[in-house]
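Heads up: the structure comes next, in structure tokens.
When a ligand or atom number is given, it counts from 1 through the structure's own listing order.
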Amino acid sequence: MNTAFNLDDYIRKVPDFPNKGVLFYDITSILATPKAFRYCIDSMVDIYTDKTIDAVAAIEARGFLFAAPFADRMQIPLILIRKKGKLPGKTLSKKYQLEYADAEIEIHPDDVPSGKRVLLLDDLIATGGTLKAATELIVQSGASVPEIFGVVGLPFLNYAAVLDPVPIRTLIQYHSE
Ligand SMILES: O=P(O)(O)OC[C@H]1O[C@H](OP(=O)(O)OP(=O)(O)O)[C@H](O)[C@@H]1O
Ligand SMILES: Nc1ncnc2[nH]cnc12
């Protein structure tokens, strides 16, 4: 892995999106730069290779983009947590609040390996509301969440308190808006 790599160079900062007062940390510029995307996936694989992770669960939509290559490299199952109304068949659902909207997510409980350790992964952690709801869905489905991973973290929005006691790891953190 390239330790001198500066991921911040590949995260576009967009003021007042999607609402006034929100500074949007846009990861599309990571995806559009192969070496930045490779850096993220390599870093995630380095972090989790020696840890006991039985599966990875990711949040629609941007979380999927990082989780799919990670699951393939780790050769572990990938569980999709989707916005309401997208998953067919039997689902569990949870309502939650975003930094700028209300939302509801769903999971296929039958895809969650019972009694196993599921890493929860997303592109960005802001208030932690999405990942809190996702943690509850995984636990309700019969597995545990030993750790949460985000490519980007905004810790000043206090996600650590919301997600406590689950440990959180991010590749890069920003400390203000
Ligand atoms: O920590 P929180 O305050 O819950 O916010 C973080 C969530 O918000 C964004 O997703 P968004 O719902 O905008 O959806 P998208 O990935 O489909 O763009 C981001 O990808 C996280 O999932
Ligand atoms: N500030 C932010 N930037 C990018 N994605 C987000 N999701 C929630 N808050 C966000």
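The proximity of Asp123 to ligand 1, defined as any non-hydrogen pair under 4.0 Å, is limited to the side chain. Residue-level proximity to ligand 2 for Leu154 is carried by the side chain, the only part with a heavy atom below 4.0 angstrom. Residue-level proximity to ligand 1 for Thr130 is carried by backbone and side chain together, each with a heavy atom below 4.0 angstrom.
Ligand 1 has no nitrogen or oxygen under 3.5 angstrom from a nitrogen or oxygen of Ile59. For the pair Thr127 and ligand 1, the shortest N or O to N or O distance falls below 3.5 Å. Of the N or O atoms in Leu124, none lie within a sub-3.5 Å distance of an N or O in ligand 2. Note: no N/O pair closer than 3.5 Å links Leu131 and ligand 1 by distance alone. Not a single N or O atom of Tyr96, backbone or side chain, sits closer than 3.5 Å to an N or O atom of ligand 1. At under 3.5 Å, a nitrogen or oxygen of Gly128, whether backbone or side chain, sits near a nitrogen or oxygen of ligand 1.
Short contacts between ligand 1 and Glu60, defined as distances under 4.0 Å to a heavy atom of the residue, involve ligand atoms 16 (O), 17 (O). Listed by number with element, the atoms of ligand 2 under 4.0 Å from a non-hydrogen atom of Leu23 are 1 (N), 2 (C), 3 (N). Distances below 4.0 Å separate heavy atoms of Asp122 from the following atoms of ligand 1: 20 (O), 21 (C), 22 (O). Counting atoms of ligand 2 from 1 in the listed order, those under 4.0 Å from a heavy atom of Arg62 are 4 (C), 5 (N). Every atom of ligand 1 is numbered from 1 in the order shown, and the set under 4.0 Å from a heavy atom of Gly129 is 1 (O), 4 (O). Counting the atoms of ligand 2 from 1 in the order shown, those under 4.0 Å from a heavy atom of Ala126 are 8 (C), 9 (N).
His175 approaches Gln173 most closely through the heavy-atom pair CE1-OE1, 3.5 Å. For Ser141 against Leu92, the heavy-atom pair with the smallest separation is OG-CD1, 3.5 Å. Contact detail for Lys90 and Pro109: the closest heavy-atom pair is O-CD, 3.5 Å. Looking at every heavy atom in both residues, Val162 comes nearest to Gly129 through CG1-N, 4.4 Å. Contact detail for Leu80 and Leu87: the closest heavy-atom pair is O-CD1, 4.0 Å.
Within the 4.0 Å heavy-atom shell around ligand 1 one does not find Ala103. Look at Lys83 and you'll find a heavy atom under 4.0 Å from some atom of ligand 1.
Other residues, nucleotides and ligands place no more than 12 heavy atoms under 6.0 Å from the NZ atom of Lys86. Heavy-atom contacts from other residues, nucleotides or ligands closer than 6.0 Å to CG of Asp50 number 12 or fewer.
Taking the six-membered ring where tryptophan is involved, the planes of Phe37 and Phe66 are perpendicular, since the angle between them exceeds 60° and thus also 30°.
Annotation: side-chain hydrogen bond (donor to acceptor under 3.5 Å, both in side chains) contacts of Glu147 (sequence neighbours excluded): Tyr48, Arg169.
The pair Glu106-Lys84 counts as a salt bridge, with a side-chain nitrogen and a carboxylate oxygen less than 4.0 angstrom apart. Here Lys13 pairs with Asp8 in a salt bridge; the nearest charged N to carboxylate O distance falls below 4.0 Å.
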